[in-house]
Amino acid sequence: MKQLKVSAIREGTVIDHIPSDVTFKVVEILKLNSVKEIISVAANLDSKKIGKKGIIKIGGKFLGEEEVNKIALVAPAATLSIIKDFKVVEKNKLTIPKTIEGFVKCFNPNCITNHEEIKTKFHVANQKPLKIRCHYCERAMASNDIVLK
């Protein structure tokens, strides 16, 4: 059987084991339109672990903490590899942080964070299935309620 080969990157980041249905949401989070080096995005690839997966290779880009935390919310089973000189120098499974600050919008229209200049803050109440609770109004949100800023 013929297989498509995706070229390796000299330096950058590879995000693997992304659930196929959120692959392009991760692309959106990363705002890849400003990256000048190679970007490879593949979705609906066969995976023994999760059935169908997505993979993103980004040349010349290393992710910041906020980007990693955002991806962890939408693809908690993903793995992140740091590539230097064509070799994996670091590989980690993503983990959902215990506290999420500044990049999730509270879905309660009466929450103070939707009316005043206050940084949002959520505590993770449950990892599987994901459930987070607003620090200010204490509303609980499931993963399908989460809107990233």
Side-chain angles (χ1 to χ4, degrees), residues 4 6 8-9 11-35 37-84 87-149:
L4 177 67
V6 179
I9 55 175
E11 191 171 283
T13 304
V14 175
I15 307 161
D16 197 3
H17 301 105
I18 304 167
S20 236
D21 60 330
V22 297
T23 303
F24 290 99
K25 193 168 193 165
V26 174
V27 169
E28 194 175 294
I29 288 168
L30 295 173
K31 298 176 181 147
L32 297 176
N33 53 347
S34 63
V35 175
E37 294 195 33
I38 190 166
I39 300 169
S40 301
V41 178
N44 299 323
L45 301 170
D46 290 329
S47 168
K48 290 177 184 168
K49 281 185 180 175
I50 59 174
K52 295 286 183 185
K53 71 173 185 175
I55 185 169
I56 302 171
K57 293 182 174 187
I58 314 157
K61 180 173 174 72
F62 300 101
L63 307 185
E65 184 179 345
E66 186 173 304
E67 290 172 311
V68 172
N69 288 338
K70 284 180 178 180
I71 295 168
L73 284 180
V74 299
T79 56
L80 189 105
S81 299
I82 306 298
I83 310 296
K84 290 190 177 170
K87 294 179 183 167
V88 176
V89 294
E90 190 178 325
K91 186 173 187 173
N92 297 305
K93 284 191 167 236
L94 295 183
T95 55
I96 298 170
K98 292 180 181 174
T99 304
I100 301 159
E101 290 187 71
F103 60 84
V104 172
K105 182 178 176 7
C106 184
F107 82 143
N108 175 5
N110 296 322
C111 181
I112 192 168
T113 60
N114 288 318
H115 299 286
E116 295 185 22
E117 288 294 318
I118 296 174
K119 190 176 184 180
T120 61
K121 184 175 182 178
F122 295 87
H123 303 284
V124 175
N126 195 32
Q127 297 263 338
K128 279 188 178 181
L130 180 62
K131 187 176 177 182
I132 62 175
R133 188 171 303 279
C134 179
H135 177 76
Y136 299 100
C137 71
E138 299 187 353
R139 273 282 173 96
M141 296 169 40
S143 61
N144 58 348
D145 299 323
I146 294 173
V147 174
L148 300 175
K149 289 184 173 181

Which atom of I18 lies closest to which atom of A78, heavy atoms considered: CG1-CB, 4.3 Å
What I'd like to find out is whether the side chain of V14 reaches to under 4.5 Å of the side chain of K91, using heavy atoms alone. no
From K131 atom NZ to M141 atom CE, the distance as rounded to the nearest 0.5 Å: 12.0 Å
Rounded distance (nearest 0.5 Å) linking atom NZ of K25 with atom CG of L148: 6.0 Å
What's the shortest heavy-atom distance between A43 and F24, and which atoms? CB-CE1, 4.2 Å
side-chain contact (heavy atoms from CB on, under 4.5 Å) with I29: of I71, V22, V68, L63, only one passes, and it is I71
Answer yes or no: is there a donor N or O on one side and an acceptor on the other, between the side chain of N126 and the main chain of K128, under 3.5 Å? yes
How about T99 and H123: do any of their side-chain heavy atoms sit closer than 4.5 Å? yes
Between atom NE2 of H135 and atom OG1 of T113, what is the distance when rounded to the nearest 0.5 Å? 11.0 Å
Apply side chain to side chain contact (heavy atoms under 4.5 Å, CB included) to S143 and list each qualifying residue two or more places apart in sequence or on a separate chain. L130
Working note: I82 + V88, criterion side-chain contact (heavy atoms from CB on, under 4.5 Å); need CA distance, chi angles, decisive distance, verdict. CA-CA 6 Å; I82 306 298; V88 176; over 6 Å; no
Considering all heavy atoms, the nearest A42-T23 contact: O-CG2, 3.8 Å
Work out which heavy atom in C137 is nearest to a heavy atom in C106; give both atom names and the distance. SG-SG, 3.6 Å
Show every donor-acceptor pair shorter than 3.5 Å between a side-chain atom in residues 115-122 and any protein atom, with sequence neighbours excluded, or say none if there are none.
residue	atom	partner	partner atom	Å
H115	NE2	P109	O	2.7
T120	OG1	G102	N	3.4
T120	OG1	V104	O	2.8

Output side-chain donor-acceptor pairs under 3.5 Å for residues 49-58, partner residues at least two apart or in another chain, one line each.
residue	atom	partner	partner atom	Å
K52	NZ	D46	OD1	2.7
K53	NZ	D16	OD1	3.0
K53	NZ	D16	OD2	3.4

A side-chain contact here means heavy atoms from C-beta on lying under 4.5 Å apart; do I15 and T79 qualify? no
Should T13 and L30 count as side-chain neighbours, where that means a heavy-atom distance under 4.5 Å? no
Calculate, to the nearest 0.5 Å, the distance between atoms CG and NE2 belonging to L80 and H17 respectively. 12.5 Å
Side chains of Y136 and N108: does their closest heavy-atom pair fall under 4.5 Å? no
For V35 and G59, work out which heavy atoms get closest and say how close. CG1-O, 3.7 Å
Spacing of K70 atom NZ and I146 atom CD1 [to the nearest 0.5 Å]: 13.0 Å
Which atom names give the shortest non-hydrogen contact between P76 and I96, and what distance separates them? CB-CD1, 3.9 Å
Kindly compute the distance separating SG (C111) from CD (E138), expressed to the nearest 0.5 Å. 10.5 Å
Among E67, E11, E37, the one residue meeting side chain to side chain donor-acceptor pair (under 3.5 Å) with K61: E67
